[in-house]
Amino acid sequence: MPERFFCTAGRGMECFVTEEVTQKLSATEVETVSGKVLFTAEPDLCRLRFIKSGERLFLLLKKGSPLSLPKNKGKACSALREYVIGEPHMWLHCLSVWQNLQGQLQQHQHICGKVGIASKRKSGSVSEFHISKYRKQDSTVGDKVCTFQDPTHKNMSQAEDQNLMDIEELNATEQQLLPKPHKNTHPITFRVSCRCSGATAKVFTPQEVGAVIGGSIIKQFGWKPDLRMPSLEVFVHLNDLYSVVGFPISRQPLAKRDYIRNTGLRSTTAWAMGTLAELHVGALVLDPMCGVGTILLEAAKEWPFGHFLGVDNNDLQLESAVSNVKGAGLDGAIELLKGSVLDLPFVSESMDAVICDIPFGRKFTSSKNMKDLLPDIIREMQRVVRVGGAIVLLLSQCLHHHLKVNFHFGATDNKNITHSGNNSVSEENGDKEANKRDILSRTHWFDSLIALESHSVSLGVTEAVIFKCKKAPPSLSL
C-alpha cells in the first residue's frame, strides 16, 4: 500500500527531487515546499534508496498548516500536544511501516556484497577504451591513471544486457528476502528533533517543543526516551508556512555516498549537473577540472553505460580522484589524466557532454582571476564538445553575474530561457533597443552555444548557479 514520504532538499534542489521521485518511484501527490518534497510511493526500500538529489528521506506522519498557538504558554502546550499526537492510531500505523523499512534496510546491507560482485563482473566485461583516437596529435598529456570502456566495442550491447539481468536478479532476490512487518518485542526508544521558526519560535524554543512532545509520547505510547542512541527519531518542523512530523528512514542521509572516500563537491549537486547533461548510452563525458572526481562518480553510478574522462592539473587532486574511483569500483569506467582546461588534449567535437565545477571559494587559489580565465575555459569546452552536446557549469553567483553581463550566447536573449531558484534574474527585456545595445556591449561572444537554463542552488555556506548551454549546428547559431 502506498505511503506518504518526504525528502529534505538543499535550497534550489527541490525541482530535481520532484522530477527524480516522479520518474524513479512513479510517485503521486507530489508537493513541493521550501526545502522539502512530499510524495506518495510504495514503501519499497529497493527503490527509495536510489534517490540521489535529496538530503534525507522521511516517512511522513503529519503535514498541516502552520500552528496558531495561544500566547498563554499552558494553552499553547496543550495545542501543541493535540496537533502532534493527533490520532494515536496514525502513529502506530507509521511505526509499523517504519519497522518494516528497517527490516528491509538490514536485509539490504547483507545483499550489498552481491551488488559489489555484479559491479566487478560488469567492469571486466568490456574492453579498454582507447583514448588515443580522441587525442590531438600534438598532445603531450601525461600518462593515464585509470581506463574506461570502448564505446565502439562490438559486445557493448551484450554487456549491457548482462548487467541489466544482474540488476534485475539482485532486485528479485531482495524482494524475496524482504521481511514481513513485525511486532517489536522491545520497547521503542526515541528522541525528538525539532526545528522552529517564525511565530512558533516566539512562544517555544526547540528544546521546549521537544520536551512537550516527548512527554506526550511517553504518556501515550510508553516509549522510552534515549537522547544518545535511540531506535527511532521523531522529526518535527514548525514554521510560518507549514508543520511537519516524520520518522527518518535511515540514520545515514541519502546525500552521504558510501563509495566516495574523499569528499569534494556536494554529491547531490554533482548528480543534478549530470541529469542536466542529458547523458545517453555510450556517451563520452568530460570533466576538465575534475578535482577529486565527484561529478564523474555520480554520473558513472547513475549512467553506467557511459564513458567518463577527468582532467586536472593538480597531482594531489588526481591522487584523491584515483582513490575515489577505485573505492567505488569504477576504475573500468573512468579515466583520469593530468592536463590543463585551457589546452585540452582532445580533438575538436569529440565529447558528448562537458560537466565542470568552475573552482571558487577560499580553498582555491590561482595566479589569475577566474573572471579572466573563464572566456578561454568556455572557448576550449566549446571546441571539444560535439554539436548537440551540453556544457553544464557550476559557477559562483559572482561568476554567473559576470557571465550574464559580459558573455553573449546564441540564445542569451531568448525569452524561453529557463531559470529556477530565488536568485535567478529574468533576461526578458521589453525594450528592444536597450536590449540590442546591451548585446553589443558584451565582451565575449559564443554564437555556437545556446544558453538553455540556470538554477540557483545552495552549497551549504555558499550559493552557486548551475548554468547549462548546448552547442548548435552552424546554421542555427545566432
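Sequential numbering from 1 along the given sequence is applied to the chain's residues.
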Hey, are [X] and [Y] close enough for a salt bridge, meaning a charged N less than 4.0 Å from a carboxylate O?
{"X": "D44", "Y": "R47", "value": "no"}
{"X": "K36", "Y": "E55", "value": "no"}
{"X": "D312", "Y": "K338", "value": "no"}
{"X": "D331", "Y": "K326", "value": "no"}
{"X": "E298", "Y": "R257", "value": "yes"}

For this session: Let me see the working for F305 and H280 under ring-ring contact (aromatic ring centres under 6.0 Å, His included), right down to the final yes or no.
Result: CA-CA 8 Å; F305 305 120; H280 54 79; over 10 Å; no

For this session: List the steps and the verdict of side-chain contact (heavy atoms from CB on, under 4.5 Å) for Y242 and K63.
Result: CA-CA 7 Å; Y242 56 81; K63 190 263 181 181; 4.0 Å; yes

If you measure from [atom1] on [X] to [atom2] on [Y], what distance do you get to the nearest 0.5 Å?
{"X": "L95", "Y": "N100", "atom1": "CG", "atom2": "CG", "answer": "11.5 Å"}
{"X": "L296", "Y": "N324", "atom1": "CG", "atom2": "CG", "answer": "10.0 Å"}
{"X": "L374", "Y": "N369", "atom1": "CG", "atom2": "CG", "answer": "10.0 Å"}
{"X": "L265", "Y": "L394", "atom1": "CG", "atom2": "CG", "answer": "6.0 Å"}
{"X": "S267", "Y": "K256", "atom1": "OG", "atom2": "NZ", "answer": "9.5 Å"}
{"X": "L286", "Y": "S350", "atom1": "CG", "atom2": "OG", "answer": "8.0 Å"}

For this session: Give a yes or no on whether H401 atom NE2 has more than 12 heavy-atom contacts from other residues, nucleotides or ligands under 6.0 Å away.
Result: no

Exercise. Within a radius of less than 6.0 Å around CD of E302, do more than 12 heavy atoms belonging to other residues, nucleotides or ligands occur?
Worked result: yes

Would you name the heavy atoms of [X] and [Y] that are closest together and state the gap between them?
{"X": "A353", "Y": "L279", "value": "CB-CD2, 3.8 Å"}
{"X": "V465", "Y": "S456", "value": "CG2-OG, 4.0 Å"}
{"X": "V457", "Y": "G12", "value": "CG1-O, 4.0 Å"}
{"X": "M13", "Y": "A272", "value": "CE-CB, 3.8 Å"}
{"X": "V354", "Y": "P288", "value": "CG1-CD, 3.8 Å"}
{"X": "S193", "Y": "E233", "value": "OG-OE2, 2.6 Å"}

Scan side-chain atoms only and decide if [X] and [Y] contain a donor-acceptor pair under the 3.5 Å cut-off.
{"X": "E29", "Y": "T40", "answer": "yes"}
{"X": "Q252", "Y": "D258", "answer": "yes"}
{"X": "H455", "Y": "E453", "answer": "yes"}
{"X": "T8", "Y": "R56", "answer": "no"}

[X] side-chain N/O to [Y] backbone N/O, donor-acceptor pair under 3.5 Å:
{"X": "K24", "Y": "F50", "value": "yes"}
{"X": "K468", "Y": "L276", "value": "yes"}
{"X": "S458", "Y": "E463", "value": "no"}
{"X": "N313", "Y": "S340", "value": "no"}
{"X": "E3", "Y": "C94", "value": "no"}
{"X": "W98", "Y": "P248", "value": "yes"}
{"X": "Q317", "Y": "G293", "value": "no"}
{"X": "K471", "Y": "Q382", "value": "yes"}
{"X": "R4", "Y": "L60", "value": "no"}

Under 30°, 30 to 60°, or over 60°: which ring-plane class applies to [X] and [Y], parallel, tilted or perpendicular?
{"X": "F235", "Y": "F58", "result": "tilted"}
{"X": "F467", "Y": "F409", "result": "tilted"}
{"X": "F39", "Y": "F5", "result": "parallel"}

Problem set entry | cation_pi(K301, Y259) dist<6.0 Å, angle<=45 | yes

Evaluate the side-chain proximity of [Y] to [X]: yes if any heavy-atom separation is below 4.5 Å, no if none is.
{"X": "I51", "Y": "V21", "answer": "yes"}
{"X": "K52", "Y": "F16", "answer": "no"}
{"X": "L309", "Y": "C290", "answer": "no"}
{"X": "L393", "Y": "I391", "answer": "yes"}
{"X": "V234", "Y": "R191", "answer": "no"}
{"X": "M351", "Y": "F346", "answer": "yes"}
{"X": "L48", "Y": "I249", "answer": "no"}
{"X": "I377", "Y": "L342", "answer": "yes"}

Exercise. Going through the checks in order, is the side-chain contact (heavy atoms from CB on, under 4.5 Å) test met by V236 and V244?
Worked result: CA-CA 6 Å; V236 181; V244 165; over 6 Å; no

Problem set entry | Test side chain to side chain donor-acceptor pair (under 3.5 Å) applied to T32 and T18, step by step | CA-CA 7 Å; T32 301; T18 297; 3.0 Å; yes

For this session: Verify side-chain contact (heavy atoms from CB on, under 4.5 Å) between V311 and V341, making sure each step is shown before the conclusion.
Result: CA-CA 7 Å; V311 175; V341 66; over 6 Å; no

For this session: Assess whether side-chain contact (heavy atoms from CB on, under 4.5 Å) is satisfied between T22 and T28, documenting all intermediate values.
Result: CA-CA 7 Å; T22 301; T28 59; over 6 Å; no

For this session: Just do the salt bridge (charged side-chain N to carboxylate O under 4.0 Å, His left out) check on R383 and E349 with the steps written out, would you?
Result: CA-CA 6 Å; R383 181 185 69 80; E349 299 192 349; over 6 Å; no

